[in-house]
Amino acid sequence: MLLLNQLTLSLQFGKIDDAALHRAALPRHKVARWIRHALQSDAEITVRIVDAEEGLALNRDYRKKDYATNVLTFDYTQEPVVTADLVLCAPVVAKEAKEQGKTLQAHYAHLLVHGTLHAQGWDHETSEEDAQVMELREMEIMARLGFDNPY
């Protein structure tokens, strides 16, 4: 039996179009399950689903990139407890899911796993090797959760 780490989760929805669609794809118990499968220690994580305007402002202000991205990870601590905010941009996630032929829920699950790994120090932008290691870890977690390879 796989023992999962503890998670204190805050799930927030900003003012987004098609809110019912996104809420349906993100039931709290599933969001918690997806994140817990990616945790290597206990965590306190806030997940916020935002519109393009808020996603753009955060990416511009914190990463100096002038576009809304799918997921932003704000990691604060890794020990003794992981604390982080994961911000997902609803219209970007929906557009990518459609383009990639995935369900909205499968894409959200992948991005939450991806963001949770970032919160624990995983980084795919440091080297090609780090990117491959992180992608492999994501594929393993997604398979354990019953999802297809996200790549």
Side-chain angles (χ1 to χ4, degrees), residues 1-52 54-56 58-59 62-63 68-126 130-151:
M1 165 137 179
L2 180 66
L3 288 177
L4 299 175
N5 288 290
Q6 293 299 309
L7 170 65
T8 302
L9 173 67
S10 174
L11 179 57
Q12 305 173 356
F13 290 84
K15 291 188 192 292
I16 57 173
D17 292 336
D18 302 321
L21 179 75
H22 294 274
R23 286 180 181 274
L26 291 162
R28 182 181 176 75
H29 70 283
K30 288 190 178 182
V31 170
R33 181 172 178 261
W34 302 332
I35 291 172
R36 288 181 70 205
H37 273 268
L39 288 174
Q40 295 164 271
S41 60
D42 293 345
E44 297 173 3
I45 295 179
T46 297
V47 173
R48 181 164 172 78
I49 310 304
V50 301
D51 63 9
E54 187 173 346
L56 169 66
L58 289 168
N59 204 27
Y62 291 95
R63 294 182 66 226
T69 190
N70 52 17
V71 60
L72 289 167
T73 300
F74 297 93
D75 55 323
Y76 307 113
T77 64
Q78 293 178 358
E79 293 177 356
V81 174
V82 173
T83 56
D85 293 333
L86 304 180
V87 180
L88 293 96
C89 186
V92 173
V93 175
K95 179 177 180 274
E96 289 177 350
K98 186 175 182 179
E99 289 171 354
Q100 297 171 20
K102 298 177 184 176
T103 66
L104 185 59
Q105 188 169 77
H107 197 40
Y108 269 124
H110 175 226
L111 293 172
L112 287 166
V113 165
H114 182 85
T116 300
L117 291 177
H118 273 307
Q120 298 170 99
W122 293 73
D123 194 346
H124 55 86
E125 296 181 353
T126 46
D130 288 347
Q132 290 174 355
V133 169
M134 187 170 174
E135 284 181 14
L136 181 61
R137 181 75 179 126
E138 290 172 40
M139 288 185 275
E140 291 169 351
I141 293 166
M142 293 298 287
R144 216 170 45 234
L145 290 168
F147 290 102
D148 290 338
N149 180 342
Y151 296 101

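Because the structure is predicted, anything quoted here is derived from the model rather than measured.
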* Asked: Is a side-chain N or O of Q120 found less than 3.5 angstrom from the main chain of Q40, in a donor-acceptor match?
  -> yes

* Going through the distances and angles, do V113 and L145 end up as a side-chain contact (heavy atoms from CB on, under 4.5 Å)? -> CA-CA 10 Å; V113 165; L145 290 168; 4.2 Å; yes

* Please answer whether the main-chain N or O of A119 pairs with a side-chain N or O of T73 as donor and acceptor at a distance below 3.5 Å. => no

* Within a strict 4.5 Å, meaning less than it, do heavy atoms of the L88 and V50 side chains meet? -> no

* Look at the aromatic rings of F74 and Y62 and report parallel, tilted or perpendicular, splitting at 30° and 60°. => perpendicular

* Structure fact -> Taking every heavy atom of A84 against every heavy atom of D75, the minimum-distance pair comes out as CB-CA, 4.0 Å

* Would you say T77's side chain and V81's backbone share a donor-acceptor pair under 3.5 angstrom? -> yes

* To do: Evaluate side-chain hydrogen bond (donor to acceptor under 3.5 Å, both in side chains) for E135 paired with H124, printing each intermediate quantity in order.
  => CA-CA 8 Å; E135 284 181 14; H124 55 86; over 6 Å; no

* Residues two or more places apart in sequence or in another chain: which of them pass side chain to side chain donor-acceptor pair (under 3.5 Å) with E96? -> N70, H107

* Asked: Looking only at heavy atoms, what is the nearest atom pair of L104 and A94, with distance?
  -> CD1-CA, 3.8 Å

* Asked: Do L72 and N59 touch side chain to side chain, with heavy atoms closer than 4.5 Å?
  -> yes

* Asked: Hey, are the side chains of L7 and L39 touching, using non-hydrogen atoms and a 4.5 Å cut-off?
  -> yes

* Asked: Would L112 and L26 count as a side-chain contact (heavy atoms from CB on, under 4.5 Å) if you check the C-alpha gap in whole Å, the side-chain angles of each, and the deciding distance to 0.1 Å?
  -> CA-CA 10 Å; L112 287 166; L26 291 162; 4.1 Å; yes

* Asked: Should D148 and M142 count as side-chain neighbours, where that means a heavy-atom distance under 4.5 Å?
  -> no

* Asked: Are the side chain of D18 and the backbone of L21 linked by a donor-acceptor contact shorter than 3.5 Å?
  -> no

* Would you check if L4 and H37 make a side-chain contact, meaning some heavy-atom pair closer than 4.5 Å? => yes

* To do: Indicate yes or no: at least one non-hydrogen side-chain atom of W122 is less than 4.5 angstrom from one of T116.
  => no

* Applying side-chain contact (heavy atoms from CB on, under 4.5 Å), run through V82 and E44 and close with a yes or a no. => CA-CA 6 Å; V82 173; E44 297 173 3; over 6 Å; no

* Looking only at heavy atoms, which two atoms of R137 and L117 are closest? And how far apart? -> CG-CD1, 3.9 Å

* **Lys/Arg N to Asp/Glu carboxylate O, E99 vs K95, below 4.0 Å** => yes

* Structure fact -> Minimal heavy-atom distance between Y108 and A25, with the atoms involved, is CD1-CB, 4.1 Å

* Asked: Centre of F13's six-membered ring, under 6.0 Å away, within 45 degrees of the axis: is that where NZ or CZ of R23 sits?
  -> yes

* Structure fact -> So OG1 of T103 and CZ of F147: to nearest 0.5 Å the spacing works out to 6.5 Å

* To do: For Q105 and P27, work out which heavy atoms get closest and say how close.
  => NE2-CD, 3.8 Å

* Taking all atoms of both residues into account, what is the closest heavy-atom pair of A68 and L56, and its distance? -> CB-N, 3.8 Å

* **Short side-chain donor-acceptor distance under 3.5 Å, H114 and H118** => yes

* To do: Could you tell me whether the side chain of N149 and the main chain of M139 form a donor-acceptor pair under 3.5 Å?
  => no

* Can you check whether N5's main-chain N or O pairs, donor with acceptor, with R36's side chain at less than 3.5 Å? -> yes

* To do: Show the numbers, then the answer: is there a side-chain contact (heavy atoms from CB on, under 4.5 Å) between T83 and I45?
  => CA-CA 6 Å; T83 56; I45 295 179; over 6 Å; no

* Asked: Between V71 and V93, is any pair of side-chain heavy atoms under 4.5 Å apart?
  -> no

* Asked: Got a sec: does the CG of D17 have more than 12 other heavy atoms crowding it under 6.0 Å?
  -> no

* To do: Measure the shortest side-chain to side-chain distance between P150 and K102 over non-hydrogen atoms and say whether it is less than 4.5 angstrom.
  => yes

* Kindly compute the distance separating CG (L86) from OG (S10), expressed to the nearest 0.5 Å. => 11.0 Å

